[in-house]
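The structure appears below as structure tokens.
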Amino acid sequence: MDKGKLLIISGFSGVGKGTIVEKMLETFDNYKISISCTTRDPRPAEEDGVHYHFISKDEFEKMIENDELLEHAKYVDNYYGTPKKFVDECLDKGENVILEIESEGAKKVKDKMPEAIMIFVLPPSAKHLKDRLVGRGSEDSEAIEKRLQKAVQETDAMKHYEYFVVNDQIESAAKTIDEIVSDTNPDLPSEDEVLNIKKDIIDFSKGE
Ligand code: 5GP
């Protein structure tokens, strides 16, 4: 049996990666989402074992020690990591596995598994991003500011990604990602569009 494909989906906080991934799981067969471990507190609507495995810093460090994580990274004061066992088991069964992770962890996975498909989700504009972060209501203004600053740092990491998908509409973003995976003419933004969005986010963070 052919092995499944490993998909890395990254993008700025608030860009809607989670919603796109949910849509993919709902719409297409043969995708599994890897549930990460994190030391951050659950948001009101989040459930342990569904959105994340919410664990303590001690438990997280034990997992690192026991080599149970495929990768891990620190993101805005908290640890996040991908449990290795689930990913290996799914790929062996021929299932495609989605990792929704930030860019530092993404690079580590790509180094270990070069066949992984690297996808970066972009907002249509910087304003969309800020509005979503504020509208989500789950972070205070200081955390939102940190996440926006992190977005600017992450514009630099965009160079490591193979595909860019603009989240102007959830269904079409999910469909585009499936087309990337199945290699069937995905509708991708031009290089100029990608550069413009990147510039918009950098300018926005400077208050321009
Ligand atoms: P959030 O706190 O908004 O759920 O996630 C913050 C960031 O951590 C997002 O960019 C998300 O993709 C990333 N992330 C979630 N799980 C993991 C993981 O297992 N490893 C890494 N490296 N990043 C993760």
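Sequential numbering from 1 along the given sequence is applied to the chain's residues. Order of appearance sets the numbers: ligands from 1, and atoms from 1 within every ligand.
When atom types are taken as modelled, the side chain of T27 and the backbone of M24 share no donor-acceptor pair closer than 3.5 angstrom.
Under the side chain to side chain contact (heavy atoms under 4.5 Å, CB included) criterion, S10 pairs with I8, A106, F120, Y161, not counting sequence neighbours.
For a heavy-atom separation below 4.0 Å, the residues in contact with ligand 1 are K17, S36, R40, R43, Y52, E71, A73, Y75, Y80, G81, T82, E100, I101, E102, G105, R147.
The only member of E162, E71, H160 that meets side-chain hydrogen bond (donor to acceptor under 3.5 Å, both in side chains) when paired with K110 is E162.
Pairing each heavy atom of L99 with each of S34, the nearest pair is CD2-CB, 3.5 Å.
Remark: E46 engages R40 in a salt bridge, criterion side-chain N to carboxylate O under 4.0 Å.
Counting heavy atoms of neighbouring residues, nucleotides and ligands inside a 6.0 Å radius, atom CD of E191 does not exceed 12 of them.
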